[in-house]
Amino acid sequence: MIAEVITDVSAHPVDRPFDYAVPDGIAEVIEPGSRVRVPFGNRKVLGFVTGLKEESDVPASRLKPVDELLDPEPVLTEEMLRLADWMRETTLCFEIDALQVMLPSALRAKYEKTVHVINPEKLPHELAEITRDRRVVAVKEFGEGLLPVLKRLASEGTVSIETAVRQRTNIKKERVLHIIGEAGRLDEIRGSLPKIASRQAELINWMEEHIGMSVPSKDVMEATGTTRATLNALISKGAARETEEEVYRKPEAGLMPENGGIPGPLTDEQATAVGTISGAVDNRRDETFLLHGVTGSGKTEVYMQVIRQVLDQGREAIVLVPEISLTPQITSRFKRRFGPLVAVMHSGLSAGEKYDEWRKVQRGEVKVVVGARSAVFAPFRNLGVIILDEEHESSYKQEDSPRYHARDVAIRRAEEHGCPVILGSATPSLESYARAKKGVYKLLTLAERAKKQPLPEVQVVDMREELKNGNRSMFSVALAEAIRHRLDSGEQTVLFLNRRGYSSFVLCRDCGTSVQCPNCDISLTYHRATERLQCHYCGHEERVPLTCPECESEHIRFFGTGTQKVQEELHRLFPEARVLRMDVDTTRQKGAHERLLRQFGDGEADILLGTQMIAKGLDFPNITLVGVLSADTMLRLADFRAAEKTFQLLTQVSGRAGRHEKEGEVVVQTYAPEHYAVELAKDQAYEPFYAIEMGNRKRYAYPPFYFVTLIQFSHEDLMKVSEVAGNAARYLSGKLGPDTVIIGPTAAEVARVNNRYRYQCLIKYKKEPKLAGVLTDLVKIYRSSWMKEGITMSIDMNPSTIS
DNA sequence: AGCACGCCGACT
DNA sequence: GTCGGCGTGCTC
C-alpha cells in the first residue's frame with residue numbers, strides 16, 4: 001500500500017504529495033486524514049495522508065516507508081481534505097498551511113534534535129560530561145560550540161543525530177481502572193492472598209462493591225487508602241485492568257439548560273425568518289441567508305431556534321462570532337439553551353483547552369460550536385447549519401497565510417453538507433447585501449427591535465464648533481452634560497474611542513516632529529503602563545526622550561487621545577465617577593475582559609471607557625448613554641472600505657444604548673458631521689447608506705462591482721523593491737485583460753516595517769479567467785529570481801484592507 | 001591543502 | 001523549511 005503524504009514543510013518546491021510505502025503493521029488502520037511521521041530528506045517530519053493507493057509512479061527503490069502513525073483515528077475527514085485543496089486554489093496558499101489551520105495547534109509538530117549515543121566508550125570526555133549515562137540527549141544541551149564535534153562523531157558512527165517529532169502540547173491522560181465483572185473470580189483472588197496482604201484484601205472488598213466499573217485509578221487509591229504497589233499487585237492477579245484515557249481540562253463548569261432550554265417567544269418577523277431557514281434545513285438545501293436585523297432585533301433568538309431544529313434532526317451547528325464579542329455574555333446564552341451540547345472555542349483558551357474542545361467535537365460529544373474564525377473548521381460530520389453573526393466583521397478574514405475568509409469557508413462547507421448558512425448583521429457588508437439583492441443570497445429582514453424599544457436618540461456634535469467656542473477638551477459640552485446627567489441619576493455610560501491612528505504619540509512643539517520608530521515609518525505610541533514608547537508594527541520599545549531627538553528642544557509632550565488620557569480627563573471633570581477602562585492594555589491577562597464586563601454589569605462603575613472591543617455584545621439594562629469621542633478617525637484611512645467601516649462602527653456602538661426599558665441616548669463627536677457615513681449612521685439608515693456607497697464603489701471600480709487582489713512586496717532596499725513591484729505591475733498588465741485595472745506600484749500605507757520597504761500593486765477586475773494562471777506564473781518568476789534577491793511577495797486574493 | 005561561507009537544489 | 005553538496009575565495 002502507498003500513502004500520499006503532504007509534509008509539514010511550507011515551501012514551494014514541496015507543496016505536493018509525496019509517496020510513501022505503508023508498512024503492514026499500520027496498513028489496516030491508516031486512512032486519508034491520518035497524521036504520520038515520515039522520513040523527509042535526512043530528517044523526520046510530520047505529514048498528513050491525503051490519499052491511499054496501490055501503485056506509485058516513483059520507483060519502489062526510492063520509496064521510503066511511513067515511520068509511524070501518530071493517531072489511532074484520522075484527525076481530518078475527507079471533506080476537510082477537499083476543503084484544504086479548495087483553500088489552496090482560492091487563497092494561493094500551501095496545502096500544508098491549509099491543513100494545519102483546520103486543526104488545533106496542539107496537534108502541530110514540535111521538532112527536537114536529539115543525539116543518540118551508539119558507542120559510549122568512544123565519546124570524548126567533554127561530551128561524556130554532558131551526556132552522563134544517558135543514551136538520548138537533546139542537541140541543544142551541548143551548545144553551539146560542540147556542534148562540529150557532534151557532526152564528526154555522527155559521521156564516524158559514534159552517535160547519531162535525529163529529529164524527534166513531538167506533540168506541541170501534551171494530551172492529558174489519566175489511568176483508569178476497569179474492575180472485572182465476575183464476582184467469583186474476585187473471591188478466588190481474595191482466597192489466594194496471603195494473610196499478611198491486608199491492604200490487598202481491603203482493595204478487593206472495595207472492588208466487589210464496584211464490580212464491572214471503570215474508575216480513575218487515583219480515585220480508587222484515594223477511596224481505599226491504598227498505594228500504587230497494592231493496586232499493581234491486584235492488577236497482575238487479574239482483578240482489574242488498567243488503561244490510559246484522555247481526560248479533558250475544565251475551562252469552565254458546564255451550565256445546565258435553564259428552563260430546559262425553552263425558546264423565547266418570537267416576533268412575526270423573527271418567526272418568518274425561522275420558518276424560511278427551517279425549510280432549507282429540512283430540505284438540506286445549501287442556501288445562504290442574509291439576516292439583516294437592526295441592533296436589538298433579536299437575531300440570536302432566530303439562530304437558536306434554527307439550531308434547536310437542527311439538533312432535533314440529529315445534526316450539528318457552528319456559530320461564528322467575532323473574537324472580540326466572544327464574551328461569556330454571548331456564549332452563556334447558548335450554554336443555557338443547549339447545555340452540555342455546546343463547545344466554545346476562543347483565543348482565551350490554552351492550547352490544551354482548545355484541543356479538548358476540538359476533541360469533544362471530533363468524538364461527537366457536543367453538537368454546537370460557538371467560536372471565532374477558526375471554529376468554521378470544527379470537525380463535524382453532519383452539519384445542519386452554519387451561522388456567522390456580525391458577518392461584516394473584518395476579523396473573519398485571516399490576515400496571514402492561509403488568507404481565508406470564514407464566510408467563504410462556511411459557504412463551501414455548507415455545499416458539502418447540504419445545509420444553509422446564515423449571515424447575520426445590522427450592517428451587512430456591501431458585498432453580502434449586493435449578493436442578497438441579486439438573489440444569490442436570500443434576504444431576511446428584521447426591521448423592528450424585539451422589545452419594540454425605540455432606536456436611541458443620536459446627537460451629532462461638530463467638534464470644530466466646539467473648538468471655535470473655546471472648548472479645547474476632548475468632551476463636547478453636550479457630551480459632558482449628558483455624562484453628568486447619568487452620574488446624577490445613577491445610570492451608566494459607555495464611552496467609545498476609536499483608537500486607530502489616534503493613539504498617544506510624542507510630538508515636539510518646536511519643530512513639529514513626532515518620535516518615529518527607527519525600523520518603521522510610523523510614530524511610536526506612548527504606553528502609560530510601562531512608561532515607554534512602543535511601535536505597533538515591529539514591537540520596538542524605547543524610553544520616553546526628555547528632549548526632542550531632532551532639535552533637542554525640551555518642549556516635547558504627548559498628543560492624541562489614548563484611552564489612558566481620556567481616563568485622566570474624565571477623572572478631572574468628574575472626580576466622583578468610577579471609570580473602567582477596557583483596551584488592549586487592560587485586557588491582556590487571561591479573563592480580564594470578562595472580569596471588567598462583569599464588574600460593569602454589576603454596577604461597580606459608572607463609566608466604561610474602551611476601544612473597538614466594547615462596540616459589540618454589551619447588553620446591560622442600565623446603559624442609557626453612549627458617547628463616541630471621535631467618529632471620523634477611520635474615515636481618514638486610505639482604504640475603499642473606510643466609509644463602510646465608519647458607518648458599521650457607529651451603528652453598532654449606538655446600538656449599545658437603551659436596549660431595555662430605559663430609553664437610550666447617543667452622542668457622536670466628529671470633525672466631519674456632514675459625511676454621509678456619519679449622518680446616515682445617526683438614524684441607522686442602512687438602505688440610503690448602501691445606495692450612496694454602492695455609487696462610489698461603482699464609480700471607483702471597487703468591490704462589490706470589481707474583485708480586488710493585493711500583491712505586496714518588501715525588501716531592505718527601497719530602489720530594489722520599487723523596481724520589482726514595477727516589473728510585476730508591467731508583467732500583469734501585459735498578461736491580463738484590457739478591462740482589468742492595475743493600480744501601482746505604490747508605497748504601502750506604512751512604507752517601511754522592520755527596516756523593510758513595502759510596495760504594493762492592486763489588481764481590480766470584473767472577469768479575469770486567466771488570473772489564477774497569471775498569478776501562478778508570477779509566483780514562478782518570484783521564486784526563480786526575486787526571492788533569491790531577498791524580496792518577499794505576498795498575494796491576497798480578497799483583501800479586507802488595502803491600507 | 002584546508003576551511004569558511006554562500007548559493008543551489010532536493011526532499012517520495 | 002532544512003539539509004548537504006559544491007563552488008569560490010581566503011588563509012596558513
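In what follows, every heavy atom counts, from backbone to side chain, and hydrogens, waters and symmetry copies are set aside. Residue numbers start from 1 in every chain, and the chains themselves are labelled A, B, ... in the order their sequence lines are given, proteins ahead of strands.
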Residues in contact with DNA chain C, drawn from residues 38-45 of chain A - heavy-atom cutoff 4.0 Å: N42(A), R43(A)
Ring pair (Phe, Tyr, Trp, His ring centres under 6.0 Å) partners of residues 97-120 of chain A, not counting sequence neighbours, each pair once: none
For R43(A), salt bridge (charged side-chain N to carboxylate O under 4.0 Å, His left out) partners two or more places apart: none
Heavy-atom contact window of chain A on DNA chain C, given 5' to 3' at under 4.0 Å: dG1(C) to dG4(C)
Sugar-phosphate only, base, or nothing, as touched by P17(A) at under 4.0 Å among non-hydrogen atoms: nothing
Which side-chain N or O atoms in residues 409-416 of chain A pair as donor and acceptor under 3.5 Å with protein atoms at least two apart or in another chain?
residue: R412(A); atom: NH2; partner: E416(A); partner atom: OE2; Å: 3.2
residue: R413(A); atom: NE; partner: E79(A); partner atom: OE2; Å: 3.0
residue: R413(A); atom: NH1; partner: V376(A); partner atom: O; Å: 2.8
residue: R413(A); atom: NH1; partner: A378(A); partner atom: O; Å: 2.8
residue: R413(A); atom: NH2; partner: E79(A); partner atom: OE1; Å: 3.1
residue: R413(A); atom: NH2; partner: A378(A); partner atom: O; Å: 3.2
residue: R413(A); atom: NH2; partner: F380(A); partner atom: O; Å: 3.4
residue: E416(A); atom: OE1; partner: R82(A); partner atom: NE; Å: 3.3
residue: E416(A); atom: OE1; partner: R82(A); partner atom: NH2; Å: 2.8
residue: E416(A); atom: OE2; partner: R82(A); partner atom: NE; Å: 2.9

Qualifying ring pair (Phe, Tyr, Trp, His ring centres under 6.0 Å) pairs with a residue from residues 65-104 of chain A, counting only residues at least two apart or across chains: H12(A)-F94(A)
Residue of the set Q100(A), R108(A), R37(A) for which side chain to side chain donor-acceptor pair (under 3.5 Å) holds with D8(A): Q100(A)
Exceeds 12 heavy-atom contacts within 6.0 angstrom, atom CZ of R783(A): yes
Contacts of D85(A) that satisfy salt bridge (charged side-chain N to carboxylate O under 4.0 Å, His left out) - sequence neighbours left out: R88(A)
E323(A) and S395(A): side chain donor to acceptor below 3.5 Å: no
Which residues share a salt bridge (charged side-chain N to carboxylate O under 4.0 Å, His left out) with R373(A), sequence neighbours left out: none
Aromatic centroids of F640(A) and Y706(A) separated by under 6.0 Å: no
Contacts of type side chain to side chain contact (heavy atoms under 4.5 Å, CB included), residue E723(A), not counting sequence neighbours: K720(A), N727(A)
Check: residues 18-25 of chain A side-chain donor-acceptor pairs under 3.5 Å, at least two apart:
residue: D19(A); atom: OD1; partner: K53(A); partner atom: NZ; Å: 3.3
residue: D19(A); atom: OD2; partner: K53(A); partner atom: NZ; Å: 3.0
residue: D19(A); atom: OD2; partner: S56(A); partner atom: OG; Å: 2.6
residue: Y20(A); atom: OH; partner: P39(A); partner atom: O; Å: 2.7

Greater than 12 external heavy atoms within 6.0 Å of K397(A)'s NZ: yes
Sugar-phosphate only, base, or nothing, as touched by R783(A) at under 4.0 Å among non-hydrogen atoms: nothing
Contacting residues from residues 50-62 of chain A, given that a heavy atom lies under 4.0 angstrom of DNA chain B: V58(A), R62(A)
Along DNA chain B, first and last positions that approach a heavy atom of chain A under 4.0 Å: dC8(B) to dT12(B)
